[in-house]
K.L.:
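Structure in structure tokens, see below.
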Amino acid sequence: MSVLVDEETRVVVQGITGGEGKFHTEQMMEYGTNVVAGAVPGKGGQEVAGVPVYDTVEQAAREEDADASVVFVPPAFAGDALFEALDAPLDLVVAITEGIPTQDMARVNRQLRETDTYLVGPNCPGLITPGEAKLGILPGNIFSSGNVGLVSRSGTLTYQVVDNLTKRDLGQTTAIGIGGDPIIGTGFVDALELFEADPDTHAVVMCGEIGGEDEEEAARYIAEYMDTPVAGFIAGRTAPPGKRMGHAGAIVSGSGTGTAESKIKALENAGVPVGDTPEQVADHVEDLL
Amino acid sequence: MSVLVDEETRVVVQGITGGEGKFHTEQMMEYGTNVVAGAVPGKGGQEVAGVPVYDTVEQAAREEDADASVVFVPPAFAGDALFEALDAPLDLVVAITEGIPTQDMARVNRQLRETDTYLVGPNCPGLITPGEAKLGILPGNIFSSGNVGLVSRSGTLTYQVVDNLTKRDLGQTTAIGIGGDPIIGTGFVDALELFEADPDTHAVVMCGEIGGEDEEEAARYIAEYMDTPVAGFIAGRTAPPGKRMGHAGAIVSGSGTGTAESKIKALENAGVPVGDTPEQVADHVEDLL
Amino acid sequence: MRLHEYQAKEVFADAGIPTPAAELAASVDDAVAAAEAIGYPVAVKAQVHVGGRGKAGGIELAESESEVREVADDILGMDLKGYTVERVLVEEAVDFVNELYVGVTMDRGEGKPVAMVSTRGGVNIEEVAEEDPEAIAREHIDPAFGMHPYQARRAVYEAGVDRDIANSVARVLQTLYQVWEDRDGSDAEINPLMVTADDEIVAADAVLNVDDDALFRQPEMAEYDEEGEFSEDELERKADEYGFDYVRLSGNVGIIGNGAGLVMTTLDLVDYYGGEPANFLDVGGGAKAERISNALDMVFSDENVDAVVFNIFGGITRGDEVARGINEALEQFDEIPKPVVVRLAGTNAEEGMEILNADLVTVEQTLEDAVQRAVGYAEEVDQ
Amino acid sequence: MRLHEYQAKEVFADAGIPTPAAELAASVDDAVAAAEAIGYPVAVKAQVHVGGRGKAGGIELAESESEVREVADDILGMDLKGYTVERVLVEEAVDFVNELYVGVTMDRGEGKPVAMVSTRGGVNIEEVAEEDPEAIAREHIDPAFGMHPYQARRAVYEAGVDRDIANSVARVLQTLYQVWEDRDGSDAEINPLMVTADDEIVAADAVLNVDDDALFRQPEMAEYDEEGEFSEDELERKADEYGFDYVRLSGNVGIIGNGAGLVMTTLDLVDYYGGEPANFLDVGGGAKAERISNALDMVFSDENVDAVVFNIFGGITRGDEVARGINEALEQFDEIPKPVVVRLAGTNAEEGMEILNADLVTVEQTLEDAVQRAVGYAEEVDQ
């Protein structure tokens with residue numbers, strides 16, 4: 001089993017006619033993802049990578065029975081594309097786009113709370129159920145099927161951790177990159193809930209980083225509601241206050257909130273072993289299984 | 001019993017320091033309404049009609065444990081006053097103000113759907129549970145306590161119909177003036193639901209008028225869900241198309257929707273006897289009880 | 001409040017919607033000068049607040065100076081459904097291959113704005129809505145967020161607009177919605193939105209109605225109102241001055257009351273008892289003596305009226321004040337112009353009844369009796 | 001992107017928030033002329049992007065021409081926390097009786113804007129927030145509706161602002177929110193908002209930070225950015241030019257990687273294995289040869305750096321392209337300036353490893369080994 005996506009998921013790619021959209025559509029299809037349509041205003045009637053393009057997401061969803069989308073739309077138009085996807089409606093929307101204005105995301109987030117859609121991202125690598133489907137830009141070859149769920153705020157860090165897992169034959173149910181922006185759709189707690197409810201996920205790896213309080217909130221959720229064991233990793237122990245470390249969300253505030261220390265402590269208090277290195281995370285997962 | 005208001009209802013008057021606000025606060029208190037506070041920005045600390053005034057509705061609700069408000073705020077500021085009341089939060093908000101811009105009401109209505117508050121009005125006379133409390137500007141003396149629920153889009157027409165009822169000893173559980181604007185909070189269906197759930201309401205009078213489709217919708221609701229008998233009246237049989245008959249909402253569209261004829265037919269098809277005159281409405285109620 | 005075509009086009013053009021070159025003219029010479037400046041052919045369009053101007057002869061094409069002179073002379077001063085045409089818009093005649101419809105209004109049932117697009121523009125859209133509702137694509141707008149760009153696009157594609165012009169039409173619809181929202185519109189419409197052979201789009205007509213209740217925060221729209229109608233019905237103009245909700249009808253029983261529902265009911269009863277209402281006149285809540293006097297003046301000024309029923313159910317309005325107002329108003333006359341039947345109920349009704357001068361009016365106790373009595377008087381006069 | 005005080009005040013004043021009379025000056029003579037025009041006393045304020053300017057000597061009062069000359073001379077050219085002061089704002093000194101705080105920012109946790117008011121203005125508000133959170137009234141704003149006027153009033157009353165000035169302060173907060181929303185602000189702040197003896201309120205300082213991701217639709221704000229900082233850290237300015245996410249730190253191990261989380265992890269591992277990171281440098285996704293070369297240039301230019309670890313986990317980024325970029329960059333040197341350890345994983349990593357010129361770099365297979373090797377090199381150099 002898996003969470004959010006599997007081989008049945010019918011995917012529409014928003015922005016399929018752009019360079020990135022086209023390239024990753026091909027990559028996704030090569031991996032086995034069931035991409036059924038593209039959606040680009042004004043490009044309806046065309047074909048990209050063998051799938052039909054529609055002018056609106058609603059048309060694509062209606063005509064091709066799509067239930068998920070992956071968004072490669074440029075940041076200036078991405079907020080509108082997300083509203084369109086929520087309104088189609090779709091069950092899952094994966095926003096790869098980096099650099100969406102924060103106020104646009106606050107509005108999208110407001111609308112999201114009135115829907116039953118899962119939004120993953122933005123500014124994320126997407127998610128993958130190894131051997132079934134990937135929605136996004138993750139390199140499929142490093143993943144393997146198994147019983148570890150993974151949720152992470154960072155893209156390449158996810159790859160690093162997955163690589164360590166896969167090399168020890170610790171395969172994954174689903175790996176979700178939730179994105180590094182200050183305002184994202186699916187957060188740690190949402191993902192942990194999904195993994196907790198999935199009988200095939202026997203352990204979860206949670207990769208957090210400095211900034212915000214999502215990891216602390218996740219720790220409270222784990223302590224209170226989770227039976228599935230969790231191992232953790234937190235990036236940014238050496239980040240100075242007030243500096244943005246690449247991700248718009250990765251910033252330790254001047255008043256000292258959002259530090260790695262506070263997150264690690266919260267997780268450890270919730271019984272979550274936190275690795276000092278990605279290798280140690282794999283050690284912990286082996287112990288937990 | 002009654003619906004929405006009784007002698008326990010703790011009322012804050014928004015706009016209590018204005019002429020109308022003050023006058024009707026006194027009238028309401030004289031009738032027995034439990035007015036516990038006023039709310040007017042900048043007037044906190046004053047007293048009107050013996051009740052304390054607060055700067056914000058939230059303060060008034062918190063300090064005096066109010067659960068309802070009556071709004072006498074001028075139209076330019078009334079939309080904001082309604083948002084404030086919904087956010088306090090209160091269980092019931094009665095908006096007397098006439099002339100609130102329609103787009104303001106569309107926004108209030110949007111917010112209303114996310115709350116559990118009943119908004120009655122705007123542009124309405126309010127509501128009354130005879131012998132217990134009135135919230136609004138209705139003349140208390142024509143009402144009497146009994147088993148007839150009443151809901152009406154019009155103020156003075158309500159008085160006329162109530163007068164006919166009272167003179168035959170057909171007292172009322174609660175009478176609700178829902179207001180004559182195109183966009184209102186509590187509609188016919190909401191009010192009918194409340195009366196249907198009230199064991200003491202043995203019959204309901206519904207006074208509609210031309211414009212919109214609320215009466216048709218109410219007829220469908222009555223046919224499908226109501227056991228309590230309903231008698232009806234529709235004002236505006238002689239109204240020409242395209243002319244606004246006083247109420248902003250009372251207009252028969254050029255294409256012929258919103259006519260009295262269509263509303264009467266819908267009600268009669270739902271088994272609701274519709275009176276040609278207010279006197280006949282009272283006849284029907286006597287028959288139904 | 002309804003803007004004239006030329007006013008609505010000004011507002012739309014300011015917002016960035018393409019409109020044809022045009023000039024307003026109040027005389028034949030001005031119309032000719034405008035046409036010469038714009039270049040032929042031109043359309044000469046009556047600027048009055050009535051629908052179906054084209055069919056009624058209020059819009060004519062002109063290909064030359066002499067034709068402009070002729071049609072402007074015909075249209076200026078003509079009576080169009082009761083309104084005298086005092087100004088015409090002289091406008092570049094657009095050579096179109098297609099006519100679309102775009103509009104925004106408030107959907108009362110949903111309590112939300114709705115944006116509409118149809119490829120069947122240039123005809124009465126209400127007829128299209130009835131005959132073939134599918135021909136109009138509708139998007140409901142969340143009033144909290146306003147119109148999302150994808151909604152404009154979706155409506156345009158849904159309506160079947162050609163892909164070549166879809167983006168331009170979507171932009172016009174988005175702008176139209178923004179104007180509607182910014183200006184507190186009740187309706188905003190472009191019909192037809194013309195499409196030219198080289199895929200340009202132009203607003204060939206324009207409707208913008210503004211919410212009267214919002215004029216306090218729309219000073220520019222209120223100014224347009226001042227430039228408004230020249231030749232409305234005289235009584236309706238008087239009602240505006242007095243601040244009454246008033247509608248003139250064709251019967252002979254004048255009706256005055258307080259509260260829209262009760263006044264409508266009084267009209268209905270006049271009809272029910274065999275009479276014909278001459279008007280709807282609501283004096284509103286809390287009316288004092290002067291308002292009462294003004295209301296009587298209105299109804300007496302209507303030469304169709306043969307008798308008057310005055311029906312007040314007091315809530316805020318006090319019976320004694322109404323009675324005093326009626327007395328004052330009627331005492332000015334040597335002879336009461338038309339018989340007046342009064343019925344007072346509610347707040348201070350008894351005091352009112354006592355105050356009323358029974359030499360000047362007929363007093364009845366119930367609504368039904370009052371209406372029947374007035375209908376009877378009107379029939380007597382009528383014979 | 002952070003506006004200077006004088007820029008933020010321009011924006012606030014345009015929106016209707018009262019600000020003191022002020023002029024920007026780049027020389028002592030200009031400062032004196034400005035003060036003469038404004039009238040004494042004036043405040044002379046360093047325009048640099050650092051907090052706590054006052055305590056650091058960057059803000060001084062002057063009562064006369066000679067005093068202005070003296071303090072302007074002191075401040076212009078001074079080094080303020082690493083920034084050279086090139087301009088001062090000469091401003092009317094406001095005679096206040098009270099200092100308030102108003103601010104708007106995005107509450108990440110809630111995913112909503114939050115507006116804040118406190119009567120404890122004029123001091124570091126983050127300290128107030130920690131010591132006495134109750135002293136700051138907060139209103140969360142629904143981003144669909146924006147700030148309702150009642151919310152501004154409620155925050156102001158909740159904060160305990162005097163009733164006499166409550167409405168004016170609420171208006172300022174409402175305007176500040178509107179500026180924040182219209183300008184795509186990340187933070188907007190007035191601290192202190194001064195209250196004078198006759199209940200006037202004046203924005204004595206102003207902060208407006210704009211969301212970098214929204215600059216494409218904020219051309220006016222982007223222009224302000226051009227007038228921006230004169231004397232940033234040279235390496236950080238270079239990073240801006242190259243378009244890297246870069247943060248300079250104090251250690252001696254230079255770090256280059258792809259992806260924020262992985263680069264942070266690399267820093268953490270350098271620390272874990274006993275080294276000290278010299279920087280955070282993220283080349284981003286899909287980096288090609290030129291970017292790789294630029295990244296190496298950045299790290300080599302940092303004289304603190306003794307060794308470099310280059311850690312790539314390819315997703316979009318391809319190991320072979322990275323390897324070629326590294327070779328190209330290093331082949332330009334007769335002698336490699338600092339030892340470089342490279343670790344490639346993910347997409348085309350094997351190809352990359354083969355391509356890498358082992359004479360120029362040290363290749364490691366795992367992240368842990370690469371970091372340890374680089375830390376070792378740095379220690380050697382350091383000795």
Side-chain angles (χ1 to χ4, degrees), chain A residues 20 24 75-76 98-107 109-111 125 137-139 141-142 152-160 163 180 182-184 207 209-214 217 233-240 243-250 253-256 260 276-279, chain D residues 51 106 108-109 111-113 124 126-127 129-130 141-144 180-181 184-186 211-214 216-217 245-251 257-265 267-272 276-277 280 282 284-286 311-317 345-347 366-368 371:
Chain A
E20 264 205 85
H24 288 290
E98 182 178 353
I100 303 178
T102 307
Q103 294 195 16
D104 289 1
M105 278 313 302
R107 282 184 279 267
N109 192 53
R110 165 67 157 82
Q111 182 69 16
I137 60 174
L138 316 100
N141 60 312
I142 58 169
S152 170
R153 271 168 75 182
S154 165
T156 47
L157 175 58
T158 307
Y159 311 160
Q160 175 67 49
D163 199 43
I183 299 181
I184 55 175
C207 296
E209 62 187 35
I210 52 165
E213 313 229 342
D214 291 358
E217 199 195 322
F233 184 78
I234 300 292
R237 295 162 186 236
T238 50
K243 294 284 186 181
R244 170 179 148 162
M245 303 300 273
H247 280 161
S253 82
S255 59
D276 288 325
T277 69
E279 204 50 45
Chain D
M106 183 66 78
R108 299 171 36 138
K112 286 181 186 173
N124 183 333
E126 293 196 343
E127 280 170 22
E130 260 177 82
I141 309 303
D142 183 333
W180 181 87
E181 188 184 296
D184 272 300
S186 47
D211 182 357
D212 290 318
D213 288 334
F216 70 88
R217 63 182 177 202
D245 280 322
Y246 176 84
V247 178
R248 193 172 187 180
L249 300 165
S250 55
N258 66 326
L262 187 59
V263 179
M264 274 192 271
T265 299
L267 266 70
D268 293 350
L269 288 186
V270 165
D271 176 70
Y272 181 75
E276 279 188 73
F280 170 103
D282 179 3
N311 178 34
I312 297 290
F313 204 117
I316 326 177
T317 311
T347 309
T366 70
L367 171 56
E368 286 82 358
V371 168

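Lettering of chains follows the sequences in order, A, B, ..., and the numbering in each one begins at 1. Values below: all heavy atoms of this structure, side chains included; hydrogens, waters and symmetry mates excluded. Nothing here was measured: the structure is a model prediction, and the numbers come from that model.
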K.L.:
Can you tell me which portion of D:Leu267 sits under 4.5 Å from chain A's heavy atoms? Options are side chain, backbone, both or neither.
P.N.:
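Both parts, heavy atoms under 4.5 Å.
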
K.L.:
If you compare all heavy atoms of A:Pro101 against all heavy atoms of D:Asp184, which two are closest, and at what distance to 0.1 Å?
P.N.:
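Where A:Pro101 meets D:Asp184 most closely, the heavy atoms are CB-OD1, 4.4 Å.
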
K.L.:
Between A:Arg107 and D:Asp142, does at least one N-O distance fall below 4.0 Å, as a salt bridge requires?
P.N.:
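No, no charged N to carboxylate O under 4.0 Å.
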
K.L.:
If you look at every heavy atom in D:Gly315 and A:Pro139, which pair is closest and at what distance?
P.N.:
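Between these two residues, the closest heavy atoms are CA-CG, 3.8 Å.
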
K.L.:
Report the option among A:Asp104, A:Ile234, A:Leu138, A:Thr158 that has the most heavy-atom pairs separated by less than 4.5 Å from atoms of chain D.
P.N.:
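Among A:Asp104, A:Ile234, A:Leu138, A:Thr158, the one with the most close pairs to chain D is A:Asp104.
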
K.L.:
Grab the two heavy atoms, one from A:Leu157 and one from D:Gly261, that are nearest each other, plus how far apart they are.
P.N.:
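Scanning both residues completely, I find the closest heavy atoms to be CB-C, 3.9 Å.
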
K.L.:
May I have the step-by-step check of side-chain contact (heavy atoms from CB on, under 4.5 Å) for D:Phe313 and A:Ile142, ending in yes or no?
P.N.:
CA-CA 11 Å; D:Phe313 204 117; A:Ile142 58 169; 4.0 Å; yes

K.L.:
So which of D:Pro113, D:Gly251, D:Gly259 has the largest heavy-atom pair count under 4.5 angstrom toward chain A?
P.N.:
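Top count of heavy-atom pairs under 4.5 Å with chain A: D:Gly259.
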
K.L.:
So does A:Gln111 have more than 12 non-hydrogen atoms from other groups sitting under 6.0 Å from CD?
P.N.:
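Enclosed: over 12 neighbouring heavy atoms sit under 6.0 Å from CD of A:Gln111.
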
K.L.:
CG of D:Asp211 to OG1 of A:Thr102: how many Å apart, nearest 0.5 Å?
P.N.:
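Reported to 0.5 Å precision, the distance equals 4.0 Å.
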
K.L.:
Under 4.5 Å from any heavy atom of chain D, what part of A:Asn109 do you find: side chain, backbone, both or neither?
P.N.:
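Looking at A:Asn109, just its side chain touches chain D.
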
K.L.:
Is A:Pro278 close to chain D through its backbone or its side chain, or both, or neither, when contacts mean heavy atoms under 4.5 Å?
P.N.:
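Backbone plus side chain of A:Pro278, per the 4.5 Å heavy-atom cut-off to chain D.
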
K.L.:
Please evaluate residues D:Met106 and A:Ile183 with respect to the criterion side-chain contact (heavy atoms from CB on, under 4.5 Å), reporting the C-alpha separation (whole Å), side-chain torsions for both, the decisive distance (0.1 Å), and the verdict.
P.N.:
CA-CA 9 Å; D:Met106 183 66 78; A:Ile183 299 181; 3.8 Å; yes

K.L.:
Is there a donor-acceptor pair closer than 3.5 Å between any side-chain N or O of A:Gln103 and the backbone N or O of D:Trp180?
P.N.:
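Here the side-chain-to-backbone pair exists.
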
K.L.:
Are the side chains of D:Met264 and A:Ser154 in touch, meaning some heavy atoms are under 4.5 Å apart?
P.N.:
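Counting from C-beta outward, D:Met264 and A:Ser154 never come under 4.5 Å.
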
K.L.:
Quick check for you: among D:Gly257, D:Pro277, D:Gly185, which has the greatest number of heavy-atom pairs under 4.5 Å with chain A?
P.N.:
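With the most close heavy-atom pairs to chain A, the winner is D:Gly185.
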
K.L.:
To the nearest 0.5 Å, what is the distance between OH on A:Tyr159 and CG on D:Asn258?
P.N.:
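Output value for this atom pair is 8.5 Å.
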
K.L.:
Could you tell me if the side chain of A:Thr277 sits less than 4.5 Å from the side chain of D:Leu269, heavy atoms only?
P.N.:
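They are in side-chain contact.
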
K.L.:
Mind checking what makes side chain to side chain contact (heavy atoms under 4.5 Å, CB included) contact with A:Asp214, not counting sequence neighbours?
P.N.:
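A:Asp214 satisfies side chain to side chain contact (heavy atoms under 4.5 Å, CB included) with A:Phe188, A:Glu217 once adjacent residues are dropped.
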
K.L.:
Quick one: pull up CG in D:Leu367 and CD in A:Glu279 and give me the separation to the nearest 0.5 Å.
P.N.:
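Between atom CG of D:Leu367 and atom CD of A:Glu279 there are 9.5 Å.
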
K.L.:
What closest approach, in Å, do D:Pro143 and A:Ala106 show between heavy atoms, and which atom pair accounts for it?
P.N.:
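In terms of heavy atoms, the two residues are closest at CG-O, 3.5 Å.
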
K.L.:
Checking A:Glu213 against chain D: side chain, backbone, both or neither under 4.5 Å from a heavy atom?
P.N.:
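The answer is neither part of A:Glu213.
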
K.L.:
Between OG1 of D:Thr366 and CD of A:Gln160, what distance do you get to the nearest 0.5 Å?
P.N.:
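That separation rounds to 8.5 Å.
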
K.L.:
Apply the test side-chain contact (heavy atoms from CB on, under 4.5 Å) to residues D:Tyr272 and A:Arg237: give CA-CA distance (whole Å), side-chain angles for both, the deciding distance (0.1 Å), then the verdict.
P.N.:
CA-CA 10 Å; D:Tyr272 181 75; A:Arg237 295 162 186 236; 5.6 Å; no

K.L.:
With only heavy atoms counted, which part of A:Ile184 is less than 4.5 Å from chain D, the side chain, the backbone, both or neither?
P.N.:
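Looking at A:Ile184, nothing touches chain D.
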
K.L.:
First locate atom CG of D:Asp245, then atom CE of A:Met245, and finally report the distance between them rounded to the nearest 0.5 Å.
P.N.:
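Going from CG on D:Asp245 over to CE on A:Met245, the span is 10.0 Å.
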
K.L.:
Determine whether the side chains of A:Thr238 and D:Asp268 contain a donor N or O and an acceptor N or O closer than 3.5 Å.
P.N.:
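Note: A:Thr238 and D:Asp268 side chains meet the donor-acceptor criterion.
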
K.L.:
For D:Glu127, which atoms come within 4.5 Å of any heavy atom of chain A: side chain, backbone, both, or neither?
P.N.:
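For D:Glu127, no heavy atom lies under 4.5 Å from chain A.
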
K.L.:
Check whether D:Ile312 gets within reach of chain A through its side chain, its backbone, both or neither, counting any heavy atom under 4.5 Å.
P.N.:
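Contact with chain A involves no heavy atom of D:Ile312 at all.
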
K.L.:
Go through the atoms of D:Thr265 and report whether side chain, backbone, both or neither lie under 4.5 Å from a heavy atom of chain A.
P.N.:
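Contact with chain A: backbone and side chain both.
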
